[in-house]
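Below is one structure; the comments refer to it alone.
Just so we're on the same page: letters track the sequence lines, and every chain starts at 1.
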Protein chains: 4
Amino acid sequence: MFNINTTSDKPIYEQIIDNIKELSLKKILRPEDKLPSVRQMASMLVVNPNTVSKAYQELERQKIIHTVRGRGTFISSETDFPVDKDRIAKALETLRDICIELGHLGFDREKIIKEIERIYCDIEKGGIK
Amino acid sequence: MFNINTTSDKPIYEQIIDNIKELSLKKILRPEDKLPSVRQMASMLVVNPNTVSKAYQELERQKIIHTVRGRGTFISSETDFPVDKDRIAKALETLRDICIELGHLGFDREKIIKEIERIYCDIEKGGIK
Amino acid sequence: MFNINTTSDKPIYEQIIDNIKELSLKKILRPEDKLPSVRQMASMLVVNPNTVSKAYQELERQKIIHTVRGRGTFISSETDFPVDKDRIAKALETLRDICIELGHLGFDREKIIKEIERIYCDIEKGGIK
Amino acid sequence: MFNINTTSDKPIYEQIIDNIKELSLKKILRPEDKLPSVRQMASMLVVNPNTVSKAYQELERQKIIHTVRGRGTFISSETDFPVDKDRIAKALETLRDICIELGHLGFDREKIIKEIERIYCDIEKGGIK
DNA sequence: GTGGTCTAGACCACA
DNA sequence: GTGGTCTAGACCACT
């Protein structure tokens, strides 16, 4: 269920964050679902508990999960999307960078949009699986 | 013409790379155009020459520019897109990550595609300017 | 009447303490009023009895409540304020920290004092309600 | 210049954060001033570099400082106060809690306001010293 | 030199 | 049992 690549140049804690965000968007993880405890997750992924903890803390900052003292960590219900201008601006800039990079790799507008469709198709059917 | 932000968390050398890629895609920089020398560029951008050098090396590795000994560095002609599977895979994975991140920021498929259109519109009209 | 948030980062036992202190200050709880037993309170608030017990112990230590064996727990009369230098020092330091935090959030002296007035207004009219 | 108490129940990294916020509010640290490097600060305060790093990262999240890659960490200019509703709500709640706590320690409204004046007086004259 | 990431292992508060 | 804090020490990327 979790895809961690220790040799990737993407930090492990970011990979954990992205995994959980993806599972949440795919509705495989639903509001109030309990996440594995820090220690469980750490032994599952064979990483240090501190690394998992860092990921959880960042997810909590982003209001995607929340902690109940002594009980564990849970997916938050996504009441209202926080309009975090900074994060949006950053994400859009990365999107722009990726378009340019893909442009240099032979992708034109249509191919990129087709790719987006493919990604969304995968995300949406995620819950059914 | 160049947009460098030393405060950003994107490495400066990557920012240089992305700037040149963007100018090239916008046809503001055209094949056989001469780039400033490492030292000129470094003093222009007020960064360390090593940083510019690293950017040029990476751009050369990606066949976007090439060096002629004693004459300088030039934009390559882009006739044949290199089918660099690794870079493509990496870019598509980042694209996927960004879609998930934007999904958590309230963007649905339509909004993302609209954004792509906007980006491409900007890139394409770049050459006219 | 009680405001408990298991998600908050303030420990539940502290929230219980603060709730009782507030009700006492607002004269909603008056000297010799009987508090619910530990178990009653625990089932009311849907928390662990140990947690309530810890809160009661701390309140007793602060002489805000007292226990009569076999009869229950009661609000103490507040004739003589305990001159607990440590607690005062700690509270004033927290007050200072909060002023600095609020200073960084755009609050100046006037705005903070206005806020204090508002808080006191709420506390004082609490008894009438 | 820095006041760290390892035995306090306030986490060290929070103490570092609060120290820097205070120095910044007192204009002893001014925009673009360089902070000691993580390692310098760590050896100054005789704490682990990770602890300092955690404090710096949180300060950066709060836009009070910013990092320039390879050069160090600097006080940010406080362009526009971020209207962080959550942090404001949390701070005001703590302020309320403190008023109640002080109420139980014999402080009435006037005494608390006098205390606020004292604190602000100290903060404002901080820059002159 | 700078900060960022990660590990291993310890201790503590809370429920 | 849970997460949070801290240390010591390692390695890496960037400038």
Side-chain angles (χ1 to χ4, degrees), chain A residues 4 6-16 34-42 45-60 65-74, chain B residues 4 6-16 42 45-55 58, chain C residues 4 6 8-16 42 45-55, chain D residues 4 6 8-16 34-42 45-58 60 65-74:
Chain A
I4 300 298
T6 343
T7 67
S8 158
D9 52 343
K10 182 162 32 154
I12 297 173
Y13 82 93
E14 263 186 42
Q15 294 184 48
I16 297 174
K34 187 178 183 306
L35 287 174
S37 81
V38 168
R39 292 159 171 83
Q40 281 173 348
M41 181 73 91
L45 305 181
V46 197
V47 298
N48 191 288
N50 287 331
T51 306
V52 177
S53 183
K54 185 170 184 178
Y56 279 19
Q57 281 177 31
E58 177 61 24
L59 283 165
E60 187 153 17
I65 67 178
H66 63 271
T67 295
V68 182
R69 307 188 58 106
R71 300 251 317 281
T73 307
F74 302 83
Chain B
I4 300 297
T6 43
T7 296
S8 157
D9 52 345
K10 191 180 355 173
I12 294 175
Y13 84 94
E14 261 186 44
Q15 294 185 46
I16 297 174
L45 306 181
V46 196
V47 298
N48 193 306
N50 292 330
T51 307
V52 177
S53 180
K54 185 167 184 180
E58 177 60 21
Chain C
I4 300 297
T6 43
S8 159
D9 51 346
K10 186 169 17 161
I12 294 174
Y13 84 95
E14 261 187 42
Q15 294 185 47
I16 297 173
L45 306 181
V46 196
V47 300
N48 194 306
N50 292 330
T51 306
V52 178
S53 179
K54 183 165 185 180
Chain D
I4 299 298
T6 343
S8 158
D9 52 344
K10 190 176 2 167
I12 298 174
Y13 81 94
E14 262 186 41
Q15 295 184 48
I16 296 173
K34 188 178 182 308
L35 287 175
S37 81
V38 169
R39 291 158 172 84
Q40 280 173 349
M41 181 72 91
L45 305 180
V46 197
V47 298
N48 190 288
N50 286 331
T51 306
V52 177
S53 182
K54 186 171 182 176
Y56 279 19
Q57 281 177 32
E58 177 60 24
E60 186 153 17
I65 65 177
H66 63 270
T67 295
V68 182
R69 309 190 57 109
R71 299 253 316 283
T73 306
F74 302 83

Under 4.0 Å protein heavy-atom contacts per nucleotide of nucleotides 5-15 of chain E, with B for base, S for backbone only and - for none: BBBBB----SS
Gap separating the OG1 atom of A/Thr73 from the CG atom of A/Leu35, nearest 0.5 angstrom: 6.0 Å
With D/Glu58 via side chain to side chain contact (heavy atoms under 4.5 Å, CB included) - residues at least two apart: A/Arg61, D/Ile17, D/Arg61, D/Gln62
Expected output: side-chain D/Arg69 to main-chain B/Asp9 donor-acceptor under 3.5 Å: yes
Set of residues satisfying side chain to side chain donor-acceptor pair (under 3.5 Å) with respect to A/Ser37, sequence neighbours excluded: none
Distance in Å, A/Leu45 CG paired with A/Thr51 OG1, rounded so as to fall on 0.5 Å steps: 10.0 Å
Set of salt bridge (Lys or Arg N to Asp or Glu O under 4.0 Å) partners for D/Lys34, sequence neighbours left out: none
Rounded distance (Å) that lies between atom P of E/dG1 and atom CG of D/Leu35: 19 Å
Side chain to side chain donor-acceptor pair (under 3.5 Å) against C/Gln15, all qualifying residues, sequence neighbours excluded: none
A/Ile16 side, atom CD1; A/Ile4 side, atom CD1 - distance, nearest 0.5 Å: 5.0 Å
Which nucleotides of DNA chain F pair, in dot-bracket form (Watson-Crick or G-U under 3.5 Å, | meaning another strand): ||||||||||||||.
d(CD, D/Glu58; P, F/dG4) in whole Å: 13 Å
Separation of F/dG4 C1' from D/Asp9 CG (nearest whole Å): 14 Å
